[in-house]
Amino acid sequence: MSRFYLTTAIDYANGDPHLGHALEKIGADAIARFHRQLGDDVWFLIGMDEHGQKVAQTAEQAGMAPQAFVDRVAERFQAMWTTLGISHDQFMRTSAAPHHAAVTDLLERIFRHSPDDFYERSYTGRYCVGCESFKQPADITDERCALHPTRSLQEITERNWFFRLSAYTDRLKAHLAAHPEFVQPATRRNEILALLEQGLEDVSASRARFAWGVPFPRPLSDGETQTTYVWFDALPNYWTAQTFPGSRAPWPADVHIVGKDITRFHAVIWPAMLMAADLPLPAMIWAHGFISLGGERFSKSAGVKLELADAIARFGPDAFRYYLLRDVPFDGDGAFSWERFEAVYTAELANGLGNLASRMTAMLEKYCDGIVPTGVRGATDAADLADYAEARAAMAGRRGFPVHEALEAVVRTVGRANQLIQDAKPWVLAKNPAQREALDGVLATLARQLARQAVYLAPFMPQKAEALWQALGGPGTAGGTTFAAADTLDCAGWRVTKGEGLFPRPEPPAGA
RNA sequence: GGCUGGGUAGCUCAGCUGGUUAGAGCACGGCACUCAUAAUGCCGGGGUCGCGGGUUCGAGUCCCGCCCCAGCUACCA
């Protein structure tokens, strides 16, 4: 059994969960569940990034202490993940004591192993009082901050701890050259290579002006203790997770699943920190795309534009998961639309899988008293197994994690089952007792097809997969069945029951 | 501006190192069937492969130029 440790980005705790957050967690959850059924010993970490000036500000605006505020936000996120069936093993919160202690340890480890990498330096920048942050040239128009054009920018000099990121340019280049799979998909890897080619600049490791965070372990030469800068607090969460009570998080991680907007932090700063601390690097950074709504992008810091609850309520959490995983390529961008959601649901879940289950269970009850007959495996099984092998290949990580390709391969088996029924015409065979063996063979094949579908769909639609598995009378659970077992299973003797439709067709519009 | 990737049927996309009538899914039209959630299966219409040159016996596939789109171009995360 091989170990598989995957993480998602920790979500910034200054608002409620939105579609963008959900896409990442659902995709990661499908990967986690898939690897459990591959037989891997999976540890799946998600969580919250709860520190920083913005959080402190938002809390203040809400009239709350920062900790009370993030407690409330974390609760909302966790409730959403429960609703969506996210099967994380650990929920990180950076405001938790073990994280503070472990971040401090990591920073001290860097001081110890790479004494030259942290140093004091003055940073001079254009500070916007409205934003309470330094502005980059790109954000400045006519000497004013784009967001606060009525105020003038101040030139402020601040003394901080800096991290000698520049010293890692060559080592990072060498690592990417030796491990082409380290950053995926390829387009993100190209961006990182371009960045390394231009050379890295040192980055702040501590900040003055706000206290909501982990105190930087060593004071500046003038005695001031500053707050650890966001990336030296947030990124280490993947590593600090193992210090939490009850955690079995190993190190290094097999894959960090992140949004494409934060690839560089994970592919450059984080590995450099680990090198400085003399710790092993994660095997892969997988950067997924974004989902837009009405042309507007979502990201961690974008506003809520779609009530997640509404989308989930439409056809249930599993259908929502299916739609996102099927219609949004996990290595690129996609767009949410109600029309598309309904079209995919109707065509593939109601008319496709749902109807297939319905016609198969009906025939088994009608022709076999609900007991799956004995039948030998044939070409249909072989063709299905080829598709499933493709699904496993897509999820193996060699080419990153194109989750949509895996699901697509599984969906092909639904079409094949419908075709088999049409070709074999069991209702014709049933009229002729001499064709009994042929009829049994077809129905047994269909049972195996549905059973395998339940098992392979479990990572994508955990609840619906169990409902199907139960209707088929399978032993144990679909999600608890390994793919290896599914590939060889025999359903002879299972008691099938035709229950409620798995995916009811959408209600026609009122008045239509 | 620079770097990277992309522009192929109404929509979303496949088309590896150049080679026969350019494919899939969805949508659309017709036919068949009745086990099924008026579901399913079969057949079909539909493309100047962004534009213009070039190389080649032959280019969606290579070269040059141009147009358009997306991402990146570092301390909000």
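We name chains A, B, ... by the order of the sequence lines, and we start the count at 1 in each one. Note that the structure is predicted; figures quoted are calculated from it, not measured.
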Considering only the [atom1] atoms, how many Å lie between [N] and [M], rounded to the nearest integer?
N	M	atom1	value
B:rC28	B:rC64	C1'	41 Å
B:rU17	B:rC11	C1'	32 Å
B:rG1	B:rA14	P	27 Å
B:rC69	B:rU55	C1'	29 Å
B:rC62	B:rC16	P	8 Å
B:rA36	B:rC26	P	23 Å
B:rU8	B:rC51	P	10 Å
B:rG54	B:rA59	C1'	12 Å

Whole-Å distance separating the [atom1] atom of [X] from the [atom2] atom of [N]:
X	N	atom1	atom2	result
A:L407	B:rG25	CG	P	17 Å
A:R412	B:rG23	CZ	P	19 Å
A:E50	B:rA77	CD	P	15 Å
A:I192	B:rC3	CD1	P	18 Å
A:I269	B:rA77	CD1	P	10 Å
A:L195	B:rG71	CG	C1'	14 Å

Restricting to salt bridge (charged side-chain N to carboxylate O under 4.0 Å, His left out), what partner residues turn up for [X], sequence neighbours left out?
X	result
A:R76	A:D16
A:D202	none
A:R398	none

| message | Among A:R121, A:E224, A:Q226, exactly one meets side chain to side chain donor-acceptor pair (under 3.5 Å) together with A:N160. Which residue is that? | response |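 Exactly one pass, corresponding to A:Q226.
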| Looking at residues at least two apart in the chain, or sitting in another chain, which of them share a side chain to side chain contact (heavy atoms under 4.5 Å, CB included) with A:V411? | A:Y322, A:R326, A:E348, A:L407
| field | Pairs involving residues 341-363 of chain A, ordered by first then second residue, that meet ring-ring contact (aromatic ring centres under 6.0 Å, His included) (sequence neighbours left out) | value | A:F315-A:F341, A:F315-A:Y345, A:Y323-A:F341
| request: Not counting sequence neighbours, list each pair that qualifies as a ring-ring contact (aromatic ring centres under 6.0 Å, His included) and has a residue in residues 410-439 of chain A. | output: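 Qualifying pairs, neighbours excluded: none.
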| Nearest-neighbour nucleotide for the A:Q419 side chain, B:rC42, B:rU73, B:rA77 considered |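 So the nucleotide nearest the side chain must be B:rC42.
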Give [X] one of three labels, base, sugar-phosphate or nothing, depending on what nucleic acid heavy atoms sit under 4.0 Å from its own.
X	value
A:E197	nothing
A:L200	base
A:G199	base
A:D233	nothing

Contacts table for residues 357-368 of chain A: side-chain donor-acceptor under 3.5 angstrom, sequence neighbours left out:
residue, atom, partner, partner atom, Å
A:S358, OG, A:K498, NZ, 2.7
A:R359, NH1, A:N418, OD1, 2.7
A:T361, OG1, A:A357, O, 2.7
A:T361, OG1, A:S358, O, 3.1
A:E365, OE2, A:K498, N, 2.9

| Does A:M48 reach the side chain of A:T94, with side-chain heavy atoms less than 4.5 Å apart? | no
| Is there side-chain contact between A:Y168 and A:V268, with at least one heavy-atom pair below 4.5 Å? | no
| field | Upstream residue (5' side of RNA chain B) when A:F265 and A:L165 are each assigned their closest nucleotide | value |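 The answer here is A:L165.
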| Just one of A:W286, A:Y238, A:F182 clears the ring-ring contact (aromatic ring centres under 6.0 Å, His included) bar with A:H256, so which one? |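 When A:W286, A:Y238, A:F182 are each tested with A:H256, the ring-ring contact (aromatic ring centres under 6.0 Å, His included) holds only for A:Y238.
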| Is the backbone N or O of A:V183 less than 3.5 Å from a side-chain atom of A:R189, with the two atoms forming a donor-acceptor pair by type? |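 Side chain of A:R189 to backbone of A:V183, a donor-acceptor pair under 3.5 Å: no, none is there.
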Could you list, one pair per line, each protein nitrogen or oxygen that sits under 3.5 Å from a nitrogen or oxygen of nucleotides 4-14 of chain B, together with the distance?
residue, atom, partner, partner atom, Å
B:rU4, O2', A:N190, ND2, 3.3

| Once each nucleotide of nucleotides 30-37 of chain B is scored for protein heavy atoms under 4.0 Å, what B/S/- sequence comes out, 5' to 3'? | ---SSBBB
| said: Expected output is a numbered-order residue list: members of residues 463-472 of chain A with a heavy atom under 4.0 Å from any atom of RNA chain B. What is it? | reply: none
| request: Can you tell me which residue pairs pass the salt bridge (charged side-chain N to carboxylate O under 4.0 Å, His left out) test with a partner in residues 407-427 of chain A, sequence neighbours excluded? | output: A:D384-A:R416, A:D387-A:R412, A:D387-A:R416, A:E390-A:R412
| said: Assess whether a salt bridge exists between A:E191 and A:K260, defined as any Lys/Arg side-chain N lying under 4.0 Å from an Asp/Glu carboxylate O. | reply: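 A:K260 and A:E191: not salt-bridged.
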| message | Quick test of your reading of the model: are A:D331 and A:R188 salt-bridged, counting only N-O distances below 4.0 Å? | response | no
| note | Encoded 5' to 3' (Watson-Crick or G-U under 3.5 Å; [ ] crossing; | other strand), RNA chain B becomes (((((((..((((.....[...)))).(((((.......))))).....(((((..]....))))))))))))....
